Amino acid sequence: MTVARILSQKGRTVVTVQPHRTLAEAAALLTEKGIGALVVSDAGQTVLGMLSERDIIRAVVRGGGAALEAPVSRHMTAKVVCCTRSTAIDEVMELMTDGRFRHVPVVEDDRLVGLVSIGDVVKHRIESVEAEHQALREYIATA
């Protein structure tokens with residue numbers, strides 16, 4: 001199975017923020033959308049970074065409330081691991097585990113085409129295990 005399968009089920013909508021926006025604006029967007037991370041991108045949908053709730057908390061701990069007026073670009077993760085629609089889901093799971101991050105932008109032709117979260121990967125994995133379990137039960141019942 002590939003990332004394309006996850007995107008076909010969840011959709012390709014990605015919430016983004018521009019690098020010049022403030023951390024306060026980003027936090028408001030995270031809250032409004034009920035999500036844990038934003039892809040930082042320009043108008044052309046090029047991935048410039050990732051900003052998570054954790055990044056905002058760290059900034060506030062270091063700089064106090066004034067940090068919320070800082071631009072997203074100052075606190076985002078600039079080195080972002082991306083995948084494509086054809087990347088195997090097991091590979092994405094390994095990337096997330098090894099890199100200790102929870103979101104992977106899906107990029108093709110240098111353009112953002114989706115986002116996969118650890119929740120998406122776990123949901124898919126559980127569905128796969130349940131389907132395999134059901135197929136084994138049916139096989140045993142007919143044997």
Side-chain angles (χ1 to χ4, degrees), residues 1-63 67-143:
M1 289 290 174
T2 65
V3 169
R5 170 78 177 206
I6 290 176
L7 293 180
S8 72
Q9 292 174 340
K10 74 173 261 184
R12 295 180 16 171
T13 303
V14 181
V15 181
T16 63
V17 65
Q18 294 173 319
H20 68 277
R21 298 292 183 186
T22 66
L23 288 185
E25 290 172 310
L29 189 55
L30 288 168
T31 301
E32 174 190 332
K33 300 295 183 179
I35 56 177
L38 298 164
V39 175
V40 182
S41 70
D42 58 15
Q45 295 300 300
T46 300
V47 175
L48 303 174
M50 290 290 299
L51 183 76
S52 70
E53 294 168 320
R54 287 179 179 183
D55 295 323
I56 295 170
I57 294 298
R58 287 180 184 124
V60 170
V61 167
R62 284 187 216 119
L68 292 173
E69 295 309 312
V72 165
S73 60
R74 188 175 303 158
H75 298 284
M76 70 182 188
T77 299
K79 187 176 180 183
V80 180
V81 174
C82 298
C83 68
T84 67
R85 286 183 281 221
S86 63
T87 304
I89 293 171
D90 288 344
E91 185 179 340
V92 172
M93 192 175 356
E94 188 175 328
L95 289 171
M96 290 176 170
T97 301
D98 291 347
R100 301 193 63 177
F101 47 82
R102 298 175 180 181
H103 299 86
V104 177
V106 184
V107 175
E108 292 189 349
D109 298 323
D110 295 323
R111 293 183 58 81
L112 180 64
V113 297
L115 182 71
V116 178
S117 73
I118 190 69
D120 299 328
V121 172
V122 169
K123 179 182 175 189
H124 171 76
R125 184 72 178 129
I126 289 170
E127 289 170 356
S128 295
V129 168
E130 287 176 352
E132 188 176 305
H133 181 73
Q134 181 62 31
L136 285 172
R137 270 200 268 157
E138 290 171 7
Y139 175 75
I140 291 168
T142 61

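What you are looking at is a predicted structure, and each value in this text was computed from that prediction instead of being measured.
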(message) Do Glu130 and Gln134 pair up side chain to side chain, a donor and an acceptor below 3.5 Å, judged on atom types alone?
(response)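 On atom types as modelled, these side chains do not qualify, holding no pair under 3.5 Å.
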Non-hydrogen side-chain atoms of [X] and [Y] separated by less than 4.5 Å:
{"X": "Ser41", "Y": "Val47", "value": "no"}
{"X": "Ile56", "Y": "Leu68", "value": "yes"}
{"X": "Val39", "Y": "Met50", "value": "yes"}
{"X": "Arg102", "Y": "Arg54", "value": "yes"}
{"X": "Val17", "Y": "Glu25", "value": "no"}
{"X": "Leu23", "Y": "Leu51", "value": "yes"}

(request) Report the C-alpha distance between Val14 and Gln45 in whole Å, list the side-chain angles of each, state the deciding distance to 0.1 Å, and finish with yes or no for side-chain contact (heavy atoms from CB on, under 4.5 Å). (result) CA-CA 10 Å; Val14 181; Gln45 295 300 300; 5.9 Å; no
(request) Would you give the length of the straight line joining atom CG of Leu7 to atom CG of Asp120, rounded to the nearest 0.5 angstrom? (result)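 Interatomic distance, Leu7 CG to Asp120 CG, rounded to 0.5 Å: 8.0 Å.
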(request) Working to the nearest 0.5 Å, report the span between NE2 of His124 and CD of Gln9. (result)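 Interatomic distance, His124 NE2 to Gln9 CD, rounded to 0.5 Å: 7.5 Å.
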Kindly list each side-chain donor-acceptor pair under 3.5 angstrom involving residues 71-83, sequence neighbours excluded, with atom names and distances?
none

(message) Restricting to side-chain contact (heavy atoms from CB on, under 4.5 Å), what partner residues turn up for Glu108, sequence neighbours left out?
(response)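 If we apply the side-chain contact (heavy atoms from CB on, under 4.5 Å) test to Glu108, skipping adjacent residues, the hits are Thr84, Arg85, Val113.
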